A.B. asks: 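One structure, as structure tokens, below. Some questions next.
Only a predicted model underlies this, so the values are computations on that prediction, with no experimental measurement involved. A note on names: the letters A, B, ... follow the listed sequences, proteins ahead of strands, and every chain is numbered from 1.
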Amino acid sequence: MPDLSVDLCGLKMANPTILASGILGISRASLALAVRGGAGAVTTKSISVEPRKGHPAPIIITYSGGMLNSVGYSNPGIDNVADEFADVRDVGAPVIGSLTGRDEEDYAILAEKAGRLGFDALEIVLSCPHTPGYGTMAGLSTPEITERITRRVKAATSRPVFVKLSPNVMALTELAKAAEAGGANAITAVNTAGPGMIIDIKSRRPILGGRIGGLSGDALRPIAVRCVFEIYEAVKIPIIGTGGVSTGEHAAEMLLAGATAVGIGTAVHDRGADVFRKVAEELSALMEAEGLRSIHEMRGGAHEA
Amino acid sequence: MPDLSVDLCGLKMANPTILASGILGISRASLALAVRGGAGAVTTKSISVEPRKGHPAPIIITYSGGMLNSVGYSNPGIDNVADEFADVRDVGAPVIGSLTGRDEEDYAILAEKAGRLGFDALEIVLSCPHTPGYGTMAGLSTPEITERITRRVKAATSRPVFVKLSPNVMALTELAKAAEAGGANAITAVNTAGPGMIIDIKSRRPILGGRIGGLSGDALRPIAVRCVFEIYEAVKIPIIGTGGVSTGEHAAEMLLAGATAVGIGTAVHDRGADVFRKVAEELSALMEAEGLRSIHEMRGGAHEA
Amino acid sequence: MKHELPVTARIARVILEAEGIRSVILPVRTEVRPGQFAMLWLPGVDAKPVGISYHTPETVGFTVSAVGPWSERICALREGDLLGFLGPYGNGFTLRGRRIIVIGGGYGAASLLLLAEEALRSGLEITMVIGARTERRLLYRRRAADLGLPAVFATDDGSFGVAGRTSDVLERILVEQSVDTVYACGPEMMEKKVAEICAAAGVASQISLERHMKCGFGVCGACCVDRSGARVCVEGPVFSGEEALRIEEFGCYHRDGSAAKHFF
Amino acid sequence: MKHELPVTARIARVILEAEGIRSVILPVRTEVRPGQFAMLWLPGVDAKPVGISYHTPETVGFTVSAVGPWSERICALREGDLLGFLGPYGNGFTLRGRRIIVIGGGYGAASLLLLAEEALRSGLEITMVIGARTERRLLYRRRAADLGLPAVFATDDGSFGVAGRTSDVLERILVEQSVDTVYACGPEMMEKKVAEICAAAGVASQISLERHMKCGFGVCGACCVDRSGARVCVEGPVFSGEEALRIEEFGCYHRDGSAAKHFF
Ligand SMILES: Cc1cc2nc3c(=O)[nH]c(=O)nc-3n(C[C@H](O)[C@H](O)[C@H](O)COP(=O)(O)OP(=O)(O)OC[C@H]3O[C@@H](n4cnc5c(N)ncnc54)[C@H](O)[C@@H]3O)c2cc1C
Ligand SMILES: Cc1cc2nc3c(=O)[nH]c(=O)nc-3n(C[C@H](O)[C@H](O)[C@H](O)COP(=O)(O)OP(=O)(O)OC[C@H]3O[C@@H](n4cnc5c(N)ncnc54)[C@H](O)[C@@H]3O)c2cc1C
Ligand SMILES: Cc1cc2nc3c(=O)[nH]c(=O)nc-3n(C[C@H](O)[C@H](O)[C@H](O)COP(=O)(O)O)c2cc1C
Ligand SMILES: Cc1cc2nc3c(=O)[nH]c(=O)nc-3n(C[C@H](O)[C@H](O)[C@H](O)COP(=O)(O)O)c2cc1C
Ligand code: FES
Ligand code: FES
């Protein structure tokens with residue numbers, strides 16, 4: 001049996017799959033569901049300073065090319081999650097707390113408060129493509145701001161910090177370098193693409209309650225793989241390759257592009273909450289077929305001359 | 001029978017479908033193939049100043065979410081196409097000459113020379129995402145440059161000028177306004193997204209000869225619809241909605257988002273070179289079911305309060 | 001990938017079921033198992049989970065109680081208006097045994113009607129217990145009669161049928177008859193009562209739970225219950241009485257749209 | 001959407017067919033019609049159209065003549081090396097009639113071998129004519145013998161078999177025998193000759209064309225012929241002799257990778 005275990009900045013994972021932020025992850029129990037489904041680590045839904053209601057439904061739609069979501073960062077706010085995630089250490093796998101803010105100040109507050117909860121690492125999201133006031137729509141995707149926020153967050157917590165980037169920026173590798181310069185321990189690449197819109201032709205209305213939504217799943221995968229490939233050549237810190245992974249082959253592609261671990265979100269829809277176990281088993285089978293013994297033999301493999 | 005005819009900046013089209021640039025379109029005969037397949041108008045493969053060989057193959061791959069291409073603007077150069085497109089007026093539908101340059105100078109030369117050929121309109125491509133030296137990779141996607149190039153091209157030709165934009169820019173509506181300010185007669189939205197990469201896990205190589213390629217088809221459609229929707233609210237000139245259209249329903253979605261005509265490329269793969277006729281027939285059928293008599297009753301329908 | 005977009009259609013019929021409760025029938029073909037729900041979409045406004053209460057090969061229908069801004073707009077729709085839905089979603093009920101009791105409180109009766117129809121078609125012995133605060137809010141009196149469905153009605157204020165709670169009616173029936181399975185859908189405290197009564201009496205029960213739902217198909221996590229994390233929209237909405245009683249928050253608290261807890 | 005990515009596998013066998021011409025066999029299951037081609041992919045280098053010349057339920061094989069940088073690298077591959085392909089693509093040949101002639105020039109014989117095998121299995125009367133510049137470049141002498149395929153060999157320099165062109169051989173056969181269909185694949189001037197000979201003799205022919213191909217599946221337009229615009233990769237590569245003779249550029253010119261014309 002090939003060895004699938006990963007040490008991601010000190011997080012000991014039984015396999016490289018990570019529940020991506022915003023899929024399940026709103027409560028301790030929903031994280032536990034993904035762990036029971038085989039996830040090597042899990043990420044919470046992004047937490048903001050104030051409670052947020054999010055957009056009207058549909059908040060998620062699926063179509064032939066993938067998934068669109070405009071959840072709108074609904075969450076009870078950092079002060080109300082203390083309870084929820086107090087005993088998070090016993091879910092059975094490392095837990096990454098995802099944080100989303102409007103500016104540097106928000107992130108400092110979030111990091112400080114979240115650092116007191118049971119999270120094994122913090123992920124800061126500078127990349128939501130469809131929520132006004134957040135991520136790319138708040139101009140958080142410049143190298144300067146990325147470095148500044150990363151630095152503030154690092155100063156406010158002793159936990160490893162992952163910076164989550166958007167695929168929708170031209171200066172992707174600049175942002176990754178800025179995060180690294182700011183002290184980030186890893187890069188999560190990527191958040192959703194687009195945004196996109198689907199219109200119901202009978203009612204002539206955009207279907208998503210928030211009208212536009214981030215694109216994930218199949219549509220996103222080649223973009224995410226390209227981003228991971230580019231970031232791998234730009235920085236030394238590990239990458240959590242995220243976007244459209246739903247099989248062991250897709251996971252292998254991410255690892256070969258340069259990822260150390262693999263985020264999975266949308267595939268929960270197609271393959272169930274145990275998609276993590278399925279992906280890990282498929283990955284193990286194809287490593288065995290190729291005669292590979294450890295997943296370290298795959299990382300960055302597509303870069304060799 | 002609903003009336004599908006469109007007058008696009010003076011181009012008289014029997015239906016709103018247009019063969020998108022880079023699909024077939026390398027010769028007069030390949031344009032004629034699309035016209036026989038029902039296209040309301042056709043666009044040539046983009047023409048550059050110098051001959052270009054393009055990338056090694058595979059230049060086009062299809063996967064579950066859509067298509068990736070890294071054709072790399074292979075074409076014999078503007079001076080060698082005169083012959084090819086000399087008698088282009090008799091293909092049976094309006095012909096749009098697509099031009100791609102590295103800078104303002106290139107575009108001025110191209111417009112001047114192409115203006116002497118039989119094209120009914122010229123499309124300038126400021127948006128290729130994957131060819132170094134061209135489009136977004138050459139920094140052609142700023143409002144200033146967009147306006148400047150458009151103005152130069154307008155000055156060099158008496159033909160209607162369409163400006164083709166990339167979905168991969170944050171400042172999309174700014175670019176559309178800049179094109180309008182520069183005198184563009186229409187906006188073509190959009191070029192491919194990404195770029196993306198797919199890695200073959202056995203050989204560990206990116207599959208595309210050019211390693212990265214632009215994303216089209218299903219994956220692109222919601223992004224393209226969103227772009228058309230936004231541009232429609234930003235400018236008054238007509239929009240050629242392009243990206244992932246392969247059925248009459250998709251065409252209706254584009255029209256409701258605000259398009260006047262609908263570009264079709266990738267769908268030639270799935271539905272054949274007569275996809276244009278199929279889409280027009282499906283569109284006609286669904287207009288009939290909704291009691292619509294002219295496609296003008298659809299344009300921008302998703303914007304009504 | 002597996003995918004679906006909402007189906008939108010013009011309402012074929014609106015039925016005034018009771019005070020503030022209406023049904024809308026859409027001319028859409030779809031497969032439904034009793035107990036499933038859909039995300040009913042009012043284009044441009046919002047989509048919410050609603051049980052499927054009517055079903056023929058050519059139509060599907062929903063019964064909505066006006067309790068807030070969205071449901072009031074649904075109840076104001078007229079024939080010919082556009083309405084969409086995503087689904088059907090969820091596991092639905094499973095018919096088990098020969099003698100069954102079906103208990104619905106408030107609009108909860110909606111999810112049970114298709115089950116009752118199926119039970120009748122399968123020749124089961126069925127008793128339907130429908131409860132409401134008061135007579136004007138009682139659902140499906142006509143429909144039960146038309147179906148020839150043996151029904152007991154209960155109102156809190158005694159304005160029609162038995163005075164009192166449906167759970168009291170259940171307790172009485174279980175004393176008098178031997179019953180194989182009890183099906184319940186209604187206010188959560190009533191459901192908990194039913195599950196406990198059945199557990200005590202050694203009778204199997206199936207309970208349809210409600211939790212705040214945003215996607216309806218297992219992705220957003222809004223409907224995950226403590227502590228198992230089971231998604232009410234996928235693993236439910238129907239749980240066996242024992243499963244339901246093992247859900248820590250059952251009859252205790254639920255979460256709202258921002259995942260904040262509210263206690264019953 | 002309909003889609004496919006290349007299949008990559010380790011070469012199971014390399015066969016030295018003639019001077020500068022090798023076959024590679026891949027252990028991949030795929031369905032093939034005789035006359036189809038694939039985009040043979042040397043990972044990290046390039047992909048080019050190549051006819052399918054070997055096929056069993058478990059394998060598929062290609063015969064490549066080293067004529068340039070890419071084909072030289074293919075011919076230098078060894079067992080165990082990785083090679084990929086996309087396809088099979090194209091329409092392929094159609095067997096028609098009882099007596100057929102199959103004419104291959106150079107590596108063109110490759111595309112015809114599977115057709116010959118199928119014809120033998122179907123009990124047709126078949127004569128295979130294989131031509132080359134000189135003996136050392138002649139393909140499939142062994143394979144034709146192993147198959148028990150009646151074959152006539154022709155070399156330009158007379159170093160083996162008949163001295164002269166395959167089209168001359170064809171003309172002679174058509175005088176002696178009555179033939180239903182002639183199949184040809186080889187240098188375009190030879191193909192044109194064959195089509196003309198058959199047209200003059202009133203015999204049906206099927207001609208496999210080559211044009212510069214970049215995608216292989218009908219999107220890029222590289223292989224569209226004047227003036228119909230027919231895509232050799234989709235509507236072809238096999239055309240009836242009449243269709244081929246209606247193609248304006250047949251035997252006259254073809255386009256390169258940047259769509260510039262080259263005359264034969
Ligand atoms: C599986 C399931 C089946 C249901 N079946 C029916 C039915 O057949 N008929 C019917 O009338 N109602 C049904 N409901 C409840 C229905 O979804 C709510 O009544 C409706 O969403 C209220 O929306 P509103 O804007 O009118 O009221 P609001 O003022 O927004 O809310 C009123 C109450 O409805 C509940 N609610 C609001 N939004 C949601 C949501 N997204 N998901 C779940 N509950 C919510 C909350 O408890 C809230 O306190 C069902 C709910 C679930 C989960
Ligand atoms: C349908 C079809 C079937 C073919 N079957 C075979 C076969 O079974 N065996 C075989 O050896 N060859 C076959 N060929 C030809 C083969 O594709 C070329 O020989 C090969 O591409 C040469 O590449 P190169 O880099 O080695 O040579 P280059 O130096 O690049 O080119 C040599 C010649 O090959 C041709 N060529 C180059 N690239 C292409 C291309 N992308 N598409 C078509 N022709 C090209 C040109 O005529 C060129 O002059 C086939 C071609 C087609 C279109
Ligand atoms: C329904 C949904 C909600 C999401 N919410 C968040 C979020 O709150 N924070 C975040 O950083 N990313 C969020 N994402 C992005 C995912 O974490 C992930 O980066 C993206 O979906 C690509 O991965 P996938 O294709 O495997 O889903 C969300 C994605 C989906 C589909
Ligand atoms: C194979 C291929 C080649 C393309 N080449 C060009 C090109 O030369 N010039 C250009 O402006 N757009 C080019 N495009 C982009 C298309 O014109 C179109 O904008 C895009 O593919 C989205 O439409 P679709 O999803 O219908 O294909 C190309 C697209 C494909 C798939
Ligand atoms: S409603 Fe989204 S997971 Fe159940
Ligand atoms: S090779 Fe691309 S269309 Fe034929």
A.B. asks: Taking every non-hydrogen pair under 4.5 Å, which of P206(A), G209(A), P58(A), A34(A) racks up the most with chain C?
C.D. replies: P58(A)

A.B. asks: Is chain C contacted by the side chain of R28(A), its backbone, both, or neither, given a heavy-atom distance below 4.5 Å?
C.D. replies: side chain

A.B. asks: Of the listed residues (S27(A), P51(A), G54(A), A32(A)), which shares the most heavy-atom pairs with chain C below a 4.5 Å separation?
C.D. replies: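 Looking at each of S27(A), P51(A), G54(A), A32(A) in turn, S27(A) comes out on top.
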
A.B. asks: May I ask you to decide if N91(C)'s main-chain N or O and R33(C)'s side chain share a donor-acceptor pair within less than 3.5 Å?
C.D. replies: yes

A.B. asks: Mind ranking V268(A), I59(A), I201(A), I198(A) by heavy-atom pairs under 4.5 Å with chain C and telling me who comes out on top?
C.D. replies: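 Looking at each option in turn, the highest pair count goes to I59(A).
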
A.B. asks: Measuring from M213(C):CE to C233(C):SG, what's the distance to the nearest 0.5 Å?
C.D. replies: 5.5 Å

A.B. asks: Look at the rings of F217(C) and H269(A) and say which category their plane angle falls in: under 30° parallel, 30 to 60° tilted, over 60° perpendicular.
C.D. replies: perpendicular

A.B. asks: Looking at K45(A) and N75(A), would you say the former's side chain and the latter's main chain have a donor-acceptor pair under 3.5 Å?
C.D. replies: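 Judged by distance alone, no pair lies under 3.5 Å.
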
A.B. asks: Can you tell me which portion of K53(A) sits under 4.5 Å from chain C's heavy atoms? Options are side chain, backbone, both or neither.
C.D. replies: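 The backbone, not the side chain.
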
A.B. asks: Under a 4.5 Å cutoff for heavy-atom pairs, which residue among G221(C), G216(C), A222(C) has the most contacts with chain A?
C.D. replies: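 Going by pairs under 4.5 Å, I would pick G221(C).
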
A.B. asks: Given 3.5 Å as the limit, does a donor-acceptor pair link the side chain of D274(A) with the main chain of R277(A), or not?
C.D. replies: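 No, because the side chain of D274(A) does not come within donor-acceptor range (under 3.5 Å) of the backbone of R277(A).
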
A.B. asks: For chain C, find which of A267(A), S203(A), G77(A) contributes the most heavy-atom pairs closer than 4.5 angstrom.
C.D. replies: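 Result: the option with the highest number of such pairs is S203(A).
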
A.B. asks: Between D200(A), I23(A), I61(A), which residue shows the highest count of heavy-atom pairs closer than 4.5 Å to chain C?
C.D. replies: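 Greatest number of close heavy-atom pairs with chain C: D200(A).
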
A.B. asks: Once the angle between the rings of F264(C) and H254(C) is folded into 0 to 90°, is it parallel (under 30°), tilted (30 to 60°) or perpendicular (over 60°)?
C.D. replies: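 It falls in the parallel class, under 30°.
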
A.B. asks: Scan side-chain atoms only and decide if K164(A) and S98(A) contain a donor-acceptor pair under the 3.5 Å cut-off.
C.D. replies: no

A.B. asks: Strictly distance-based, threshold 3.5 Å: is any side-chain N or O of T266(A) a donor or acceptor partner for the main-chain N or O of G244(A)?
C.D. replies: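 Checked: no pair found.
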
A.B. asks: Is chain C contacted by the side chain of A273(A), its backbone, both, or neither, given a heavy-atom distance below 4.5 Å?
C.D. replies: both

A.B. asks: Between S208(C) (side chain only) and C185(C) (backbone N and O only), is there a donor and an acceptor less than 3.5 Å apart?
C.D. replies: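 Between the backbone of C185(C) and the side chain of S208(C) there is no qualifying donor-acceptor contact (under 3.5 Å).
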
A.B. asks: Please classify the contact of K261(C) with chain A as side chain, backbone, both or neither, using a heavy-atom distance under 4.5 Å.
C.D. replies: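 When you check distances to chain A, only side chain atoms of K261(C) fall under 4.5 Å.
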
A.B. asks: For L82(C), is it the side chain, the backbone, both or neither that has a heavy atom under 4.5 Å from a heavy atom of chain A?
C.D. replies: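 Looking at L82(C), just its side chain touches chain A.
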
A.B. asks: Let's test your reading of the structure: which of P6(C), A230(C), G84(C) forms the most heavy-atom pairs below 4.5 Å with chain A?
C.D. replies: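 Maximum pair count with chain A is reached by P6(C).
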
A.B. asks: Is chain C contacted by the side chain of L31(A), its backbone, both, or neither, given a heavy-atom distance below 4.5 Å?
C.D. replies: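 Answer is neither: L31(A) stays 4.5 Å or more from chain C.
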
A.B. asks: Counting heavy-atom pairs closer than 4.5 Å to chain A, which one of C223(C), A47(C), C224(C) comes out on top?
C.D. replies: A47(C)

A.B. asks: In terms of heavy-atom pairs under 4.5 Å, which option from M39(C), K48(C), E248(C), R231(C) contacts chain A the most?
C.D. replies: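 Of the candidates given, the most pairs with chain A belong to R231(C).
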
A.B. asks: If you round to the nearest 0.5 Å, how far is OH of Y63(A) from CG of L215(A)?
C.D. replies: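 Here the interatomic distance stands at 4.5 Å.
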
A.B. asks: Non-hydrogen atoms of chain A under 4.5 Å away: do they reach the side chain of R255(C), the backbone, both or neither?
C.D. replies: side chain

A.B. asks: Please check if the side chain of S48(A) supplies one atom and the backbone of E50(A) the other of a donor-acceptor pair under 3.5 Å.
C.D. replies: yes

A.B. asks: Can you say whether L83(C) sits under 4.5 Å from chain A via the side chain, the backbone, both, or neither, judging by heavy atoms?
C.D. replies: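 Answer is neither: L83(C) stays 4.5 Å or more from chain A.
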
A.B. asks: For chain A, find which of A260(C), A9(C), S228(C) contributes the most heavy-atom pairs closer than 4.5 angstrom.
C.D. replies: S228(C)

A.B. asks: Counting neighbours of CZ on R89(A) that are heavy atoms of other residues, nucleotides or ligands and sit closer than 6.0 Å, is the number greater than 12?
C.D. replies: yes

A.B. asks: So which part of V45(C) gets closer than 4.5 Å to some heavy atom of chain A, the side chain, the backbone, both or neither?
C.D. replies: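 The answer is the backbone of V45(C).
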
A.B. asks: Which bit of R36(A) is near chain C, if near means a heavy-atom gap under 4.5 Å: side chain, backbone, both or neither?
C.D. replies: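 Answer is side chain: those atoms of R36(A) sit under 4.5 Å from chain C.
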
